[in-house]
Amino acid sequence: MIEDAFTFFFNLEPRQLLFYFWPFFFFDFARYVLLDLLVLVVYLPGLRRRRRGWLWARKRLYKERPLVSILVPGKNEGRHLERLAHSLRRQSYSNFEVVVVDDGSDDDTPAIGGRLLRQGLIHQFIRNETRGGKASAANTALSFSRGTYIVHLDADTHLSPGALEEVLIPFYLDSRVGAVGADIRVANSDHSLTTRLQHIEYMKTLSTGRTVSSILGILRIVSGACGAFRRDMLIQLGGWDVGPGLDGDIIQKIRKLGFRIVHQPRAACYTHVPETFTSLARQRYRWDRSLIRFRVRKHANVLRPDRNFALLNFLSTAENLFANVALNLKWWVYLVQMILFAPQLMSKIFIINYFLYTVCNVIGYGVATVLYGRTMTHREWALIPFIPLMPLYTGIYLRIVRTYAYLMELCHRTSYRDRWNPWKVSAAALRDRL
Amino acid sequence: MSQLLQLTDDADKAVHGDAQRVLAEQVHDYGDSGPALWLIDEANVRDPLELMTAVRQQPSPAAYLQPILLLTAKGGQSSLSCRAADGAVSPESFDSSHWLSHFADLQRWIAELPDPNETDGQTSMRVLRHLASRHLSIEPMMTAQMPSGFVYPPLLPYFGGAAIGTLEILQFLETQQFLEAEFSASAYLCFHCRSAFLAFEETCKQCESADLDIQELVHHFRCGHVAPIDEYRNDDKLSCGKCGRDLKHIGVDYDKPSLIYHCRSCDHRFQEADVRTTCFACGRRTAPENQHRETINRFRLTPLGDNAARFGVESLFTHLLERDIGLVPWSVFQRFVHIEQSRIKRFGKTRSTLLFLSIDNMEQIYAQLGARAVELFEALSSVMAGIVRDTDVVTSREERFYLFLLAETGLENAEVPRERLISRLTEVMSANLSANPRLESHLLELTEDVDLEAQLQSMASRPRD
């Protein structure tokens, strides 16, 4: 069967090759392979060239020693706080305050937070008796913070020792930088197949993908797990708006103010990812709907050629919509095409496509390992046997979740009924069509 | 000689604080026992409490236990002096015969004491006898007149008019099971001077200033904005500083998730203020957790306490057993057992048995029989004396547990005296008490690994009805 498939593939004329495999050759090869190679030809060679500037910026950072406020909003996250607090104590940059906001937890988070406060491991612990949602908790933390820079952290993360320094340096390299994203890596990779596949995905799309977007100036998201911001800019924006998807939303608002967004692959932040396919589907369902809610609805004005038009903002959103909506739709068109025009060849076409995308994943993984450099650990190397599963994971599983999320949000605005936000907040957002 | 003695501090002669000398002159004619009723006319004395203290510090129960009546023009009962006395009445309405008959029971109680004219040296015994003679449950009273903040007024004269030492004595009597404590209140006392007058103040964590402002946090649902309520105030309405909308309905547009402190001194904002206490008396400042937390109880006399007040603090029953069967102290008994264990281990020829006996309702005996308890104890003691052999060693713990070392007696042979002991004790107790006696006993062959304390613990942990 496999031999037949490859015989079929090698006997195709160029016209037939494009007819049967146009999604790969026209879109995905360019997107997954050629763009990733930018890391090898632009980012990495430039590191040495930029080193002097980096050292100068680091010197300025340590000369100024600005106070950095680390905001940790969350509900029922007490069990993660201690590990996070200890990872912060190991940071090379030490002039920071930790502001933890307990968003109406109903577990032992208040007791843990109180203890860490008494131990001096955190500096502020604010307890909200009623849950207000992620945005309100982050804004509460922001209102209690005093730092020149704000670092937003999820409680279930921990940072590599130099991460804080690394996310601050871009602010000293370029005054137009408004936000810096850390490199999000998977902390619980060894737990299950789900976490391992996510780890490979994070290496490719978050580490490499965001580095490429950053090079191109179209980075549209800084993960809520770890992102650094200028405080004056956040105050000007009034902090975070109601989510879900508030981390992408605030970056869009920052872009509109004219600031640059930077990804910092050397600032490693380890986070816990969903451990089962069910919980992962729930998470992605929430994330994917925010594309419709924020890019298509709330921030659609960046696509309009009015007096506020900014090309990079346009490209950022256009790329996002094209890559996620259009290319997602393309697969369903492709599937229909195959059913109509080549039903007897479908198994061979599937095998070849599987092979081509596996090769892409291997290349993507290879680029990521180069980008990780010395920070590669045995856990990343242990992922190699799982790379062949990635086409099933991204091509089928995630695609189905994504398509369903887009349809539900477009047709029913289901994000407004998500339990991720308290009902009172969702009701207010829906009432005002936010 | 009158049964009444009206005390005066003779303002012309006595100096303040010399009440004892003044009293001594006035009671001279009464010998060791005092009058049947001490009268203190508030109008003629500078400090009634000082005179009451002098009375209560008389040496013999026949004097210090006598009732004190305060003649007070106010006629009120709320002052500390009134509550420290056994009664208060206005001079106009005072009727000596009424009050003498009123205190007749108390007089009888004093007269029934084995030694009413002997000196009572211990304050604890005086307190116990005071409570028992008046069948008094003693309640703490809040007062601003004493540094401790709480006093037990009837006991004040026993402590020189001050509250110092009262709690310690009451707690000691409680540990002896003479008093039963019941929670009434708790108080923080200064760790240094034990004053109850502490100023509590919330302070800033950063600069320790007490100049704090409490603010409500407001969360605007629509835009997620969170800020102190003052930042939302716009004339007479609330407006969001982020999105400009008016906040109309709490629960629909906004809520107030928490309160925060704002330090007006250093501008720090925080949610949990530090608390500092300052003692009004000595001025020392510290955190509340460093202060002394005292539980203030009300106290009630137990039957054991009542018995001790009448017959002395030593246990009546064990006293009789010492006389009749040579009850040995616990430490001596342990020594005997240890020697016996060593002997058995070394020679392995002899067998000895331990008999454990518990009498659960000793307190009921005191409660039901009162002064007649001594007769029952005599009977019980003679039962034990009839069964215990010269070679046996007996001890008791807490007047409830009795341990017999039956030397050279095997387990099967020990069963006979055990059964006899239980049946005779039951017989005597049933005849004298309304409720059936609760006697428990068991035998244990003495081996080298027998642990007396563990055995007693095991018996004590068995539920009591």
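Quick caveat, the model's predicted, so the values are computed rather than measured. Just so it is clear: chains get the letters A, B, ... in the order the sequence lines come, proteins before strands, and each one is counted from 1.
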For this session: Count the heavy atoms of every other residue, nucleotide or ligand shown that sit under 6.0 Å from CZ of R300(B), and state whether that count exceeds 12.
Result: no
Exercise. Do R131(A) and P257(B) come within less than 4.5 Å of each other through their side chains, counting heavy atoms only?
Worked result: no
For this session: Check step by step if side-chain contact (heavy atoms from CB on, under 4.5 Å) holds for H225(B) and S136(A).
Result: CA-CA 6 Å; H225(B) 185 52; S136(A) 83; over 6 Å; no
Exercise. R431(A) versus chain B, heavy atoms under 4.5 Å apart: side chain, backbone, both or neither?
Worked result: side chain
Seminar exercise, completed: Rounding to 0.5 Å, atoms CD (E272(B)) and CZ (R118(A)) come to a distance of 8.0 Å
Exercise. Are the side chains of K424(A) and D255(B) in touch, meaning some heavy atoms are under 4.5 Å apart?
Worked result: yes
For this session: Against chain B, work out which of A135(A), A427(A), S143(A) has the most heavy-atom pairs shorter than 4.5 Å and name it.
Result: S143(A)
For this session: Counting only heavy atoms closer than 4.5 Å, note whether E129(A) contacts chain B via side chain, backbone, both or neither.
Result: both
Exercise. Rounded to the nearest 0.5 Å, what separation is found between the NZ atom of K242(B) and the CD1 atom of I235(A)?
Worked result: 10.5 Å
Problem set entry | Options A227(B), G224(B), C243(B), ranked by heavy-atom pairs under 4.5 Å with chain A, top entry | G224(B)
For this session: Could you tell me which portion of H268(B) (side chain, backbone, both or neither) has an atom closer than 4.5 angstrom to a non-hydrogen atom of chain A?
Result: side chain
Exercise. Side-chain contact, heavy-atom cut-off 4.5 Å: V425(A) with H219(B)?
Worked result: yes
Exercise. Do V242(A) and H220(B) come within less than 4.5 Å of each other through their side chains, counting heavy atoms only?
Worked result: no
Exercise. What part of L237(A) lies closer than 4.5 angstrom to a heavy atom of chain B: side chain, backbone, both or neither?
Worked result: backbone
Exercise. Is there a side-chain contact between F144(A) and I260(B) (heavy atoms, below 4.5 Å)?
Worked result: yes
Exercise. Got a donor-acceptor contact below 3.5 angstrom from the N139(A) side chain to the V226(B) backbone?
Worked result: no
Seminar exercise, completed: CZ of R127(A) to CG of L259(B), rounded to nearest 0.5 Å, is 13.0 Å
